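Structure in structure tokens, see below.
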Amino acid sequence: MARLQDKIIIITGGARGIGAAFCKAVAAEGAVVVVSDVRDGAGTVKEIEAEGGRAIFIHSDVANSKSVNELVNDVVKRYGRIDALVNNAAIFANLQRQSFFEIGEQEWDDVMAVNVRGPFLLCKAVAPVMMKQKAGKIVNIASGTVFKGQTGITHYVTSKGAIVALTRCVARELGDYNINVNAIAPGLTMSEGVLSNPQMTGAGADATKNSRALKREQQPEDLTGTLVFLCSSDSDFMTGHTMVVDGGSVMR
Amino acid sequence: MSKLFDLTGKTAFVTGAASGLGYAMAEGFAEHGALVTLADANRAGLDAAVAKLNAAGHQAMAVELDVREPAAIRTAVAGAAKHYGKMDIVVANAGITGGAPISEEAGHIENIDLDVWNNVVEINQTGVFATLQAAAAVMKPQKSGRIIVTASISGLRISEVSGYPYTVTKAAVIHMVHLAAIELAPYNILVNGVAPGPFMTNIAGGRLFREPERVKAMGDSVPLKRMADPQEIKGLALLLASGAGSFITGQVIPIDGGRTAL
């Protein structure tokens, strides 16, 4: 028996990178995946269908409440429920490394809008559906950089710190409804977005790799087991926790 | 269906496996294909546990073991490894409560009997250390392995219902996990801990099963508003023992209904 048979799972930022790997992993476990992204997610859907899995693409901008509400309403209309939400969409791979002095207000606000307001809006939109079900799983994607105070991308690290906090708060508020809210904190992961940004590879990536107990590059597939676990009934007694999956760079 | 969580052909050794969380972890591994060795000081409980697994069609064997005897742990782990040709997963789970909480007079620092303290340290701390030694001895040469330590949320955050011996030994094994994770990573040995919150186990002589009002209060103290069944540890242990957890090391993961929200 697959671990997520017939579960309805929304994954934001599912068009590529870690998000696409997440979509494929939950589909392989029997879930019906709603791939959501501001980019075109048709490729992810096609890959899942080629493996015999089930997925649809719904275009959505997580920073826009109207768009988020339309996404959630559309999913409820089609399937009647939402079993899991994965808040994966974020601005990261295209960021330029710079001192916090150099980060402009607009860039700061753009990162916060997608990385913090996005998951907040999605939690707000999905929670009433899950509360009615008296069941649900929310998985937020944070970052190991929060626990290190990584420099060079202060807006990103701050936004992911907010995700750790959001996870704790929402978990406490939704616990009464049998809804689990947890987060995954990955290390620097070699997604296609990261690989296409020279500032994210090279010496900086080597330093990250060498900070790990397991000294190798992290791949999107290194995160999928934990995601499946947190979307499944296997994690029913866990909530409010941020699980670090980074080869042992941050130890908690 | 993916093979992420499959343990077919893997071998596992679990201490404190006659009942509670230890038994549940061993059973969870067996259900996913592992060949399991259950170790416990309680012979009768151990035999019943192994019989139950074998009756369900799993492959389980028993080793009577008191974790206060480090040499016996080494012999037992090495013996199981020799029997199966390898040892993939070792769970240092055996532990006891001991010492009243600081909220009670008997738990005040001047009232803690050093014999009680020493016994808890011997089982919960030295016993775990010796189990890690035994695991490393077989896993280093094979250049692979998974080690799981049963800590407790008491080792992460204290409260007025915490007592000195239990809490301090559980905190100690958390540092042990971090150190061993760093030392053993070059050998492809991953070391993690689970930090359970309120589970319905036999701990403290089965007191929970006699005190429903305590169960209600403990359940209400966590965001999910309930205590957990020992079965609920299975998934987390499986994650840490299987391919699904191949990039997780040095983590101590609370499974506590949201009590710590770390």
Side-chain angles (χ1 to χ4, degrees), chain A residues 1-5 24-25 27-30 164-165 167-169 171-182 185-187 189 212-216 218-219 221-230 232-252, chain B residues 1-5 28 156 174-175 177-186 188-199 222-229 231-240 242-262:
Chain A
M1 178 76 173
R3 310 187 90 78
L4 300 170
Q5 194 61 45
K24 288 184 254 183
E29 294 290 344
V164 174
T167 300
R168 292 171 176 163
C169 298
R172 291 199 189 281
E173 209 163 330
L174 295 181
D176 276 345
Y177 300 91
N178 190 34
I179 299 167
N180 306 85
V181 187
N182 293 289
T189 301
R212 293 174 177 147
L214 301 169
K215 300 197 190 310
R216 66 167 173 86
Q218 182 161 12
Q219 303 300 332
E221 289 68 29
D222 288 318
L223 296 162
T224 55
T226 303
L227 182 85
V228 169
F229 167 70
L230 290 175
S232 79
S233 59
D234 275 355
S235 57
D236 277 355
F237 200 56
M238 281 183 63
T239 198
H241 183 59
T242 299
M243 283 179 76
V244 175
V245 182
D246 73 347
S249 178
V250 171
M251 292 193 180
R252 300 174 74 222
Chain B
M1 164 177 181
S2 77
K3 292 282 179 195
L4 267 179
F5 296 86
L156 291 163
I174 289 169
H175 259 39
V177 165
H178 295 158
L179 279 169
I182 293 172
E183 194 216 321
L184 300 179
N188 191 30
I189 301 167
L190 278 54
V191 188
N192 293 288
V194 297
F199 272 72
V222 306
L224 289 176
K225 299 286 189 292
R226 65 181 179 89
M227 291 190 70
D229 185 282
Q231 297 281 328
E232 298 191 71
I233 198 76
K234 284 181 176 178
L236 180 56
L238 186 62
L239 173 71
L240 298 175
S242 68
S246 58
F247 213 53
I248 305 175
T249 196
Q251 307 306 319
V252 177
I253 302 169
I255 174 159
D256 63 352
R259 171 137 190 179
T260 55
L262 294 174

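Numbers restart at 1 for each chain; the letters A, B, ... are given by sequence-line order, proteins then strands. Keep in mind that what you see is a predicted model, and the values were worked out from it rather than measured.
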- Item | Part of A:Asn182 lying under 4.5 Å from any heavy atom of chain B | neither
- Query: Which atoms of B:Thr260 come close to chain A, meaning under 4.5 Å heavy atom to heavy atom: side chain ones, backbone ones, both, or neither?
  - Reply: backbone
- Query: Just by modelled atom types, is the A:Ser233 backbone N or O under 3.5 Å from a matching donor or acceptor in the B:Glu232 side chain?
  - Reply: no
- Looking at A:Arg212, A:Arg216, A:Lys215, A:Met243, which one has more heavy-atom pairs under 4.5 Å with chain B than the rest? A:Arg216
- Given A:Asp236 and B:Gln231, is the side chain to side chain contact (heavy atoms under 4.5 Å, CB included) satisfied, shown in steps? CA-CA 11 Å; A:Asp236 277 355; B:Gln231 297 281 328; over 6 Å; no
- Query: Which bit of B:Leu239 comes within less than 4.5 Å of chain A, counting heavy atoms only: side chain, backbone, both or neither?
  - Reply: side chain
- Query: Taking side chain as C-beta onward, heavy atoms only, is A:Leu214 less than 4.5 Å from B:Leu190?
  - Reply: yes
- Look up atom CE in A:Met251 and atom OG1 in B:Thr249, then write down how far apart they are to the nearest 0.5 Å. 5.5 Å
- Item | For A:Ala171 against B:Pro223, the heavy-atom pair lying closest together | O-CB, 4.2 Å
- Item | Which atoms of A:Leu174 approach chain B - backbone, side chain, both or neither, heavy atom under 4.5 Å | neither
- Message: Tell me which of these, B:Gly197, B:Pro186, B:Ala244, has more heavy-atom pairs under 4.5 Å with chain A than the rest.
- Response: B:Ala244
- Task: Could you go through the side chain to side chain contact (heavy atoms under 4.5 Å, CB included) check for B:Leu236 and A:Ser235 one step at a time?
- Result: CA-CA 7 Å; B:Leu236 180 56; A:Ser235 57; over 6 Å; no
- Please examine the side chains of B:Phe247 and A:Gln219, heavy atoms only from C-beta on, and report whether any two atoms are closer than 4.5 Å. no
- Message: Can you tell me which portion of B:Leu238 sits under 4.5 Å from chain A's heavy atoms? Options are side chain, backbone, both or neither.
- Response: side chain
- Item | Contact check, side chains of B:Leu156 and A:Arg252, non-hydrogen atoms, under 4.5 Å | no
- So do B:Leu4 and A:Arg3 actually touch side chain to side chain, heavy atoms under 4.5 Å? no
- Query: Which residue out of A:Asp222, A:Val181, A:Leu223 racks up the most heavy-atom pairs below 4.5 Å with chain B?
  - Reply: A:Asp222
- Message: On a heavy-atom basis, which atom in A:Arg168 and which in B:Ala261 lie closest, and how many Å separate them?
- Response: NE-O, 2.8 Å
- Note on the structure: If one checks every heavy atom of B:Lys234 against chain A at 4.5 Å, the contacting part turns out to be neither
- Most heavy-atom pairs under 4.5 angstrom with chain A, which of B:Pro196, B:Pro198, B:Gly193? B:Pro198
- Could you tell me which non-hydrogen atom of B:Arg259 sits nearest to which non-hydrogen atom of A:Arg172, and how far apart they are? O-NH2, 3.4 Å
- Message: At a 4.5 Å cut-off on heavy atoms, which part of B:Arg226 comes close to chain A: side chain, backbone, both, or neither?
- Response: both
- Message: Quick check for you: among B:Ile248, B:Ile255, B:Leu262, which has the greatest number of heavy-atom pairs under 4.5 Å with chain A?
- Response: B:Leu262
- Query: Counting heavy-atom pairs under 4.5 Å to chain A, which of B:Gly243, B:Gly28, B:Ala181, B:Ala228 comes out on top?
  - Reply: B:Ala228
- Item | Best-contacting candidate, A:Thr239, A:Val164, A:Thr242, against chain B by heavy atom pairs under 4.5 angstrom | A:Thr239
- Find the distance between CD1 (B:Ile253) and CZ (A:Phe229) and round it off to the nearest 0.5 Å. 7.5 Å
